[in-house]
Engineer: 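First the structure, then my questions, so here it is.
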Amino acid sequence: MTPAELSLALRAALVRAVDDGAVDLDLADLPAELHVERPRQREHGDWATNIAMQLAKKAGVAPRLIAEAVAVRLREAPGVAAVDVAGPGFLNITLDTAAAGELVRSIVEAGPGYGRTQELAGERVNLEFVSANPTGPIHIGGVRWAAVGDSLARVLQAAGAGVTREYYFNDHGGQIDRFARSLLARARGEETPEDGYGGAYIDEIAEAVVAGELAAGRPDPRTLPAAEAQEAFRAGGVDRMFSEIKASLHDFGVDFDVYFHEDSLHESGAVERAVARLRELGHIFEADGATWLRTTDFGDDKDRVIIKSDGEAAYIAADLAYYLDKRERGFDRVIIMLGADHHGYIGRMMAMCAAFGDVPGVNLEILIGQLVNLLKDGKPLRMSKRAGTVVTLEDLVELVGVDAARYSLARSSADSSLDVDLDLLTRATNENPVFYVQYAHARTANVARNAADAGVRREDGFDPSLLEHESEAVLLGALSDYPRVIAQAARLREPHRVARYLETLAGSYHKWYDQKRRVLPVGDEAVTDAHRTRLWLNDATRQVLANGLGLLGVGAPERM
RNA sequence: GCCCGCGUAGCUCAGUGGAUAGAGCGUCUGCCUCCGGAGCAGAAGGUCGAAGGUUCGAGUCCUUUCGCGGGCACCA
């Protein structure tokens, strides 16, 4: 019996209580969905609900009276073994062993589809994340968004949404100019400009650009006139940085559907069109020689310049065009993940969204993630390109591997800043909880292999009433919770919930395993339905662990 | 100064109004005569930063306050 089925039975019991006149309540006051949850304490049964307390005010009676009326009727539902009224009016529900055990069959049958819901069906989501400037490799701050963003995309898809992963390349403007100047200077053997980019990678890229131009039969860019040389290094440098970033993200298991270049917005006239549109809508004004968007009409704390007095587009101008472009591509939900150092953009971006006539928070969502603090020996480590202490995506993967890196970055809420101790990562990689979860999966795989060798086959028998051990009730409960967790993670945009869930599921499995609820017969003991049914449970657990790890982009190894 | 996020076990972090606040790591004690000990059982460790308030009920919501991080451009 799944939680959803139980929820329906609960509703039916409540409706009957009202029909019988036991509870005086308008049925329209019932919440759309009656949810049951796993109580913290096992003694409180398999499932619990506080619906009686919620309805007490509307009905004008004590919660326990409602609870009693529902309990009497719910006890008659098939699959329900016991219903108790506890405390101020909780309903504690215990399922019939066989009804609870039926769940494993539905999990095995659903396979990779177990946990998918229609929660967000029909939504077209554009999820933008990472979007690091192509002026250097992705460092550890950006890696967090790669891990979290990609998992979020998978979670949203599992909840039924159509998702496009998008990366915005800021290949236009002052920082790119500085990048190009730095390349040019280093290629000519000169000092890095005052406001330029240092680091060994600049030299490497500069060399590669020169070699690339020569190989293509074009003149040595170092010898070109200043403007042309700068352009050659800009184009060549951005291009190389672009492929490097793409490649390291790919190695990290993150592939974007769309890599969008800011430059294209300026070249295609999209910026002018967006500004013209806002002008028609009456939100544009001219002052001090610049063109402004009146964002204060929509809650921003000051108006924003979109075309500077020198005629150049300000950064936000491209954002306007970009947002409009996404909407015109048919996305009803534009989600952007940003680091906390960009949270000041929220006000203007939401105002911009409203200026277009859209609904902030619905059509445009901005998720702010806190930054990663890098530690060494427990002390803060400042990343400095000059000091060579920048930790890149590639460094991190080399140190701990993709699975451990993704998992440790994705398992905590993006709302909390995260301390990453490099020594801890290098010295004790198996302290990462990912191994706890992966080991549980490897164990299920091992049990399945051994079962096959011993002639224990699922198709020979299944008797869920034999899943009577306490550890089995706990494990079944954890398995049944999975779809709810995924739906919640999708709704709240919090993929870390998947990791936390997997840790408790793995724990329930390990405990079950250590209870000697054996899948294999001992010695010359015959294979019984008990063995076969436990194999069903083992395999269902394996399926859910694999599904969950998949949502995190982490491998589910057969052996470790 | 104003705005946002965070203060929960020694450390890193879960817990978006429910019952006795959890996990991993670290410390201590046990468990390999049959499915892998990267595991399990148990112990120790908490005034959930502080003070008020709302509620039948607050780690969770509101106000104030302290501490930490981040942000407040005609930069990108």
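So you know, we letter chains A, B, ... as the sequences are listed, proteins then strands, and number each from 1.
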Engineer: Choosing from C3(B), C13(B), G5(B), which nucleotide comes nearest the side chain of His343(A)?
Structural biologist: C3(B)
Engineer: C4(B) P sits how many Å from Met337(A) CE, rounded?
Structural biologist: 21 Å
Engineer: I'd like the C1' distance from C48(B) over to G71(B), given in whole Å.
Structural biologist: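 Each nucleotide's C1' atom is 28 Å from the other's.
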Engineer: Pairing check on A21(B): which nucleotide meets the Watson-Crick or G-U wobble criteria with it, both distances under 3.5 Å?
Structural biologist: none
Engineer: Would you say Tyr513(A) stacks on C40(B), if stacking means ring centres under 5.5 Å apart and planes within less than 30 degrees?
Structural biologist: no
Engineer: List in chain and number order the residues that pass side chain to side chain contact (heavy atoms under 4.5 Å, CB included) with Glu272(A), two or more places apart in sequence or in another chain; answer none if no residue qualifies.
Structural biologist: none
Engineer: What does U27(B) pair with, Watson-Crick or G-U, if both distances are under 3.5 Å?
Structural biologist: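 The base-pairing partner of U27(B), which may sit in any strand shown, is A43(B).
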Engineer: Applying a 4.0 Å non-hydrogen cut-off, can you work out what Leu418(A) is touching in the nucleic acid: base, sugar-phosphate, or nothing?
Structural biologist: sugar-phosphate
Engineer: Would you kindly give the CZ-to-C1' distance between Phe435(A) and C25(B), to the nearest whole Å?
Structural biologist: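 Rounded to whole Å, this separation is 14 Å.
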Engineer: Tell me which nucleotide, if any, is Watson-Crick or G-U wobble paired with C48(B) when both distances must be under 3.5 Å.
Structural biologist: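 Partner of C48(B): none found under 3.5 Å.
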Engineer: In whole angstrom, what separates His441(A)'s NE2 from A38(B)'s C1'?
Structural biologist: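 Rounded to the whole Å, the gap is 15 Å.
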Engineer: Determine the Euclidean distance between corresponding P atoms of C3(B) and G39(B); express it in Å to zero decimal places.
Structural biologist: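 Going atom to atom, P in each nucleotide, I get 47 Å.
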Engineer: Using the C1' atom as the reference point in each nucleotide, state the distance between C72(B) and U55(B) in Å, no decimals.
Structural biologist: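 Comparing C1' positions in C72(B) and U55(B) gives a spacing of 37 Å.
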Engineer: Going through the checks in order, is the side-chain contact (heavy atoms from CB on, under 4.5 Å) test met by Arg348(A) and Met352(A)?
Structural biologist: CA-CA 6 Å; Arg348(A) 73 196 70 168; Met352(A) 172 271 284; over 6 Å; no
Engineer: Is Arg497(A) close enough to G15(B) that one of its side-chain N or O atoms is under 4.0 Å from OP1 or OP2 there?
Structural biologist: yes
Engineer: For atom P, what is the distance between G22(B) and U29(B), given to the nearest Å?
Structural biologist: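 Their P atoms lie roughly 25 Å apart.
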Engineer: For Gln515(A) and C35(B), what is the distance between atoms CD and P respectively, to the nearest whole Å?
Structural biologist: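 Answer to the nearest Å: 16 Å.
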Engineer: Please compare Ile368(A) and Ile307(A) by the position of their nearest nucleotide in RNA chain B and report the one closer to 5'.
Structural biologist: Ile368(A)
Engineer: Figure out the NE2/C1' separation between His342(A) and G69(B), and round it to whole Å.
Structural biologist: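 Atom-to-atom, His342(A) to G69(B), this comes out as 16 Å.
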Engineer: Can you figure out which of G39(B), G24(B), A38(B) approaches the side chain of Arg443(A) most closely?
Structural biologist: G39(B)
Engineer: Side chain of Asp288(A), heavy atoms from C-beta onward: which of G70(B), C74(B), U12(B) has the nearest atom to it?
Structural biologist: C74(B)
Engineer: With sequence neighbours excluded, what pairs up with Lys511(A) under the salt bridge (charged side-chain N to carboxylate O under 4.0 Å, His left out) test?
Structural biologist: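 Not a single residue meets the salt bridge (charged side-chain N to carboxylate O under 4.0 Å, His left out) criterion with Lys511(A).
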Engineer: So what does Thr291(A) touch, heavy atoms closer than 4.0 Å: a base, only the sugar-phosphate, or nothing?
Structural biologist: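 It contacts nothing in the nucleic acid.
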Engineer: Give the rounded distance in Å between these two atoms: CD of Glu558(A) and P of A38(B).
Structural biologist: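 So the two atoms are 18 Å apart, to the nearest Å.
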Engineer: Between the main-chain N or O of Val474(A) and the side-chain N or O of Trp512(A), is there a donor-acceptor pair closer than 3.5 Å?
Structural biologist: no
Engineer: Indicate syn or anti for C32(B), taking the glycosidic torsion and treating anything within 90° of 0 as syn.
Structural biologist: syn
Engineer: Looking at C61(B), which nucleotide sits across from it as a Watson-Crick or G-U wobble partner, both distances under 3.5 angstrom, or is there none?
Structural biologist: G53(B)
Engineer: With the sugar-phosphate defined as primed atoms, P, OP1 and OP2, and the base as all remaining atoms, what B/S/- string results for nucleotides 17-22 of chain B, 5' to 3', for protein heavy atoms under 4.0 Å?
Structural biologist: -BBB--
Engineer: Could you give the distance separating A44(B) and C13(B) at their P atoms, to the nearest angstrom?
Structural biologist: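 That atom pair is separated by 26 Å.
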Engineer: Can you measure Ile346(A) atom CD1 to G5(B) atom P for me and round it to whole angstrom units?
Structural biologist: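 My rounded result for the distance is 9 Å.
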Engineer: Any N or O donor-acceptor pair linking the side chain of Ser309(A) to the base of C74(B) at under 3.5 Å?
Structural biologist: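 A donor-acceptor contact between them is present.
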Engineer: Which whole number of Å gives the distance between the C1' atom of C2(B) and that of A58(B)?
Structural biologist: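 Nearest-Å result for C2(B) against A58(B) at atom C1': 29 Å.
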Engineer: If I compare all heavy atoms of Leu364(A) with all of Met349(A), which pair ends up nearest, and what's the gap?
Structural biologist: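 Where Leu364(A) meets Met349(A) most closely, the heavy atoms are CD2-O, 3.5 Å.
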Engineer: Determine the interatomic distance between P on C74(B) and the same-named atom on G15(B); round to the nearest Å.
Structural biologist: 38 Å
Engineer: Please check this pair: side chain of Ser480(A) against backbone of Gly477(A), looking for a donor-acceptor N/O pair closer than 3.5 Å.
Structural biologist: yes
Engineer: Heavy-atom nearest nucleotide on RNA chain B for Trp292(A) versus Gly339(A): which residue maps closer to 5'?
Structural biologist: Gly339(A)
Engineer: Using a heavy-atom cut-off of under 4.0 Å over every strand shown, decide if Arg64(A) touches base, sugar-phosphate, or nothing.
Structural biologist: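 If one applies the 4.0 Å heavy-atom cut-off, Arg64(A) turns out to touch nothing in the nucleic acid.
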Engineer: Taking the P atom of each, how far is A14(B) from G52(B), in whole Å?
Structural biologist: 28 Å
Engineer: Kindly assign one of parallel, tilted or perpendicular to the pair Phe242(A) and Tyr259(A), based on the angle between their ring planes and the thresholds 30° and 60°.
Structural biologist: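 Aromatic pair Phe242(A)/Tyr259(A) classed perpendicular.
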Engineer: I need the CG-C1' distance between Leu371(A) and C68(B), as an integer number of Å.
Structural biologist: 13 Å
Engineer: Side chains of His441(A) and Thr444(A): do they bring a donor and an acceptor to under 3.5 Å?
Structural biologist: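 No donor-acceptor contact under 3.5 Å links the two side chains.
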Engineer: What is the base-pairing partner of C68(B), counting Watson-Crick and G-U wobble geometry with both distances under 3.5 Å?
Structural biologist: G5(B)
Engineer: Select base, sugar-phosphate, or nothing to describe what Gln488(A) touches, counting heavy atoms under 4.0 Å on all strands.
Structural biologist: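 Base contact.
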Engineer: Taking atom types as modelled, find out whether Asn170(A) and Gln175(A) have a side-chain donor-acceptor pair closer than 3.5 angstrom.
Structural biologist: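 Short answer, no.
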Engineer: Is a donor from one side chain sitting under 3.5 angstrom from an acceptor on the other, for Asn92(A) and His44(A)?
Structural biologist: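 Note: Asn92(A) and His44(A) side chains miss the donor-acceptor criterion.
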